[in-house]
Each structure stands twice: as structure tokens, then as C-alpha cells.
**Q** 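Supplied in C-alpha cells, the structure appears directly below.
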Amino acid sequence: MHHARTTGSALKNWFVAQCYDALAVAGLWLVGLWIIGVPFAPFWAFLGGAFQFVPQVGAILGLIGPALAIFFSDIDHLRWQPFFELLILYALIAVIDGLWLQPYIMKRTVKVPIWASILAPVVLGIIIPFWGVLLAPPLLAVVYTYRRKSQKALEDSMQTRPTTPDQLPGPG
């Protein structure tokens with residue numbers, strides 16, 4: 001039961017981090033889509049944030065809706081500039097989220113180091129292409145939760161152990 005609680009706590013913290021990340025990405029989408037002038041920007045921003053829960057493919061799915069909205073909003077005078085702006089916005093959001101936002105949120109919420117949350121999906125994605133990327137963030141949350149618990153238990157056992165003269169360091 002102890003392991004189930006520890007794992008459940010780690011996964012809950014990971015889910016909270018994912019919710020924060022989705023909310024932040026939705027905010028980035030909303031501001032960017034408003035600047036570009038995409039119709040129904042709040043709806044597309046909401047979908048872009050919701051799709052954050054789907055690794056790798058979700059970001060692309062979040063791009064399709066605004067692209068179709070741009071296409072159908074001015075079909076008589078089709079211009080390429082809004083599509084390029086949308087692609088630049090997508091690239092900016094992907095870089096900001098992948099290299100700074102998500103690792104920072106994972107560090108603050110789940111206590112996973114930034115280097116691990118950047119490197120683990122890449123390494124596991126190479127080893128197990130689809131499943132590695134999908135499972136890396138929750139797996140990191142569980143591994144680092146167990147690591148923290150074992151370090152805390154070790155520190156507690158070191159503090160509660162009585163010291164006798166033959167256990168003290170130095171010449172004896």
C-alpha cells in the first residue's frame with residue numbers, strides 16, 4: 001500500500017504539472033492568435049492547451065484548427081502571410097514549452113531536474129520510439145519521487161542513530 005500511495009502521489013503531481021503546462025500553452029496560443037487575428041482565437045487556444053496532454057502529436061493537432069480558420073475566414077483573398085505567422089507562432093510556442101516552460105514546471109511541481117525532463121523523452125524516444133516519449137514524463141515523476149523518499153529515509157536513519165565512541169571518526 002505504501003508503494004501505491006507513493007506512485008499515486010507522484011502521478012498526481014505530474015498531472016498537476018501537465019495542467020499548469022496546458023494552461024500556460026493555452027495562454028501563449030491565445031495571445032499569439034489574437035495578434036495574428038485568427039477567428040475564434042479563444043476556442044483554438046483552449047484546444048491547443050487541451051492537446052498538450054498528447055505528446056508530440058498534440059502540438060500539431062493544435063495547429064490544424066487555427067490554420068483552417070485562417071483559410072476559411074478569407075477564402076476569396078487568400079494570402080500566405082497569416083499562415084507563415086501561424087507557423088512562426090507554433091515554432092515559438094514549441095521551443096518555449098519544450099525547452100523552458102515544461103521543464104521548469106516539472107522542476108517546481110514534481111521536483112524533476114530540468115536536464116532530466118529535457119533529456120529523458122529524447123533518450124526514451126530513441127529506445128522505444130512512440131512509447132518512450134509518451135511514458136518519459138510520468139516515469140520521471142515516479143523515479144524522482146522514490147529517489148527523494150529513499151534519500152529522506154537515509155537522512156532520517158543517519159540522524160536517529162546514536163553515536164558511540166567507537167563509531168566516531170578519527171584515530172582510534
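The basis for the numbers below is simple: all heavy atoms, side chains too, and nothing from hydrogens, waters or symmetry mates.
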**Q** Should I128 and F130 be counted in the same cluster of Ile, Leu, Val, Met, Phe, Trp and Tyr side chains packed under 4.5 Å apart?
**A** yes
**Q** State yes or no: are the ring centers of F53 and F15 separated by less than 6.0 Å?
**A** yes
**Q** From T145 OG1 over to L140 CG, what is the distance, rounded to the nearest 0.5 angstrom?
**A**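 Spacing of OG1 (T145) from CG (L140) equals 10.0 Å.
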**Q** Tell me if the centroids of the rings in W44 and F40 come within less than 6.0 Å of each other.
**A**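 So the answer is no for these two rings.
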**Q** Backbone N or O of R5 within a donor-acceptor pair of the S9 side chain at under 3.5 Å?
**A**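 No; judged by distance alone, with no hydrogens or angles, the pair does not exist.
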**Q** Rounded to the nearest 0.5 Å, what separation is found between the CZ atom of F43 and the CG atom of L47?
**A**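 F43 CZ to L47 CG: 4.0 Å, rounded to 0.5 Å.
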**Q** If you round to the nearest 0.5 Å, how far is CG of L28 from CG of L92?
**A** 9.5 Å
**Q** When you measure from the side chain of S117 to the backbone N and O of I114, does any donor-acceptor pair fall under 3.5 Å?
**A**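 Pair found, side chain donor or acceptor close to backbone of I114.
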**Q** Of the non-hydrogen atoms in G62 and F51, which two are nearest, and what is the gap between them?
**A** N-CD1, 3.6 Å
**Q** Could I get the full list of side chain to side chain donor-acceptor pair (under 3.5 Å) partners for Q81, not counting sequence neighbours?
**A**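 Residues passing side chain to side chain donor-acceptor pair (under 3.5 Å) with Q81: E85.
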**Q** Provide the closest heavy-atom pair for V110 versus A17 in the form atom of the first, atom of the second, distance.
**A**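 So the two residues come closest at CG2-CB, 4.0 Å.
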**Q** Return the orientation label for the W100 and Y104 ring planes: parallel under 30°, perpendicular over 60°, tilted otherwise.
**A**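 Ring orientation, 0 to 90° scale: parallel.
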**Q** Answer with yes or no whether the hydrophobic clustering places Y20 together with W14; edges join I, L, V, M, F, W, Y residues whose side-chain heavy atoms lie under 4.5 Å apart.
**A** no
**Q** Under the side chain to side chain donor-acceptor pair (under 3.5 Å) test, which residues partner D97, sequence neighbours left out?
**A** Q52
**Q** Between K107 and V112, is a side-chain contact (heavy atoms from CB on, under 4.5 Å) present by the stated rule, with each step listed?
**A** CA-CA 5 Å; K107 179 181 180 228; V112 172; over 6 Å; no
**Q** Rounded at 0.5 Å granularity, tell me how far CG in L87 sits from CG in L63.
**A**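 If I round to the nearest 0.5 Å, the distance is 6.0 Å.
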**Q** Does L89 form a side-chain contact (heavy atoms from CB on, under 4.5 Å) with L33? I'd like the steps, not just the answer.
**A** CA-CA 8 Å; L89 175 66; L33 292 175; 4.0 Å; yes
**Q** So, the side chain of S150 versus the backbone of R147: is there a donor-acceptor pair under 3.5 Å, distance only?
**A** yes
**Q** Could you grab the distance from atom CD of Q102 to atom OG1 of T109, nearest 0.5 Å is fine?
**A** 11.0 Å
**Q** Verify, without hydrogens or angle tests, whether S73 (side chain) and I70 (backbone) share a donor-acceptor contact under 3.5 angstrom.
**A**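 Yes.
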**Q** Taking C-beta and beyond as the side chain, do L124 and L135 meet within less than 4.5 Å on heavy atoms?
**A** no
**Q** Listed by chain and number, what are the side chain to side chain donor-acceptor pair (under 3.5 Å) partners of H3, not counting sequence neighbours?
**A**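 Listed in chain order: Y146.
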**Q** For the residue pair A22 and G49, what are the closest heavy atoms and their distance?
**A** CB-O, 3.1 Å
**Q** Of all the heavy-atom pairs spanning A59 and Y90, show the shortest one and how long it is.
**A** O-CE1, 3.5 Å
**Q** Determine whether I96 and I105 fall in the same hydrophobic cluster, where Ile, Leu, Val, Met, Phe, Trp and Tyr are linked whenever their side-chain heavy atoms lie under 4.5 Å apart.
**A**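 Yes, one cluster joins them.
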**Q** Closest approach of L101 and A24, non-hydrogen atoms and distance?
**A** CD2-CB, 3.4 Å
**Q** Which heavy atom of L11 sits nearest to which heavy atom of P138, and what is that distance?
**A**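 Nearest heavy atoms, L11 then P138: CD2-CB, 3.8 Å.
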**Q** Are F72 and V38 co-members of a hydrophobic cluster defined by side-chain heavy atoms under 4.5 Å apart?
**A** yes
**Q** Could you measure the distance from the CH2 atom of W29 to the CZ atom of F46? Nearest 0.5 Å is fine.
**A**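 Taking CH2 in W29 and CZ in F46, the distance rounds to 15.0 Å.
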**Q** Is there a path from V133 to V54 through hydrophobic residues (I, L, V, M, F, W, Y) whose side chains come within less than 4.5 Å of each other?
**A** no
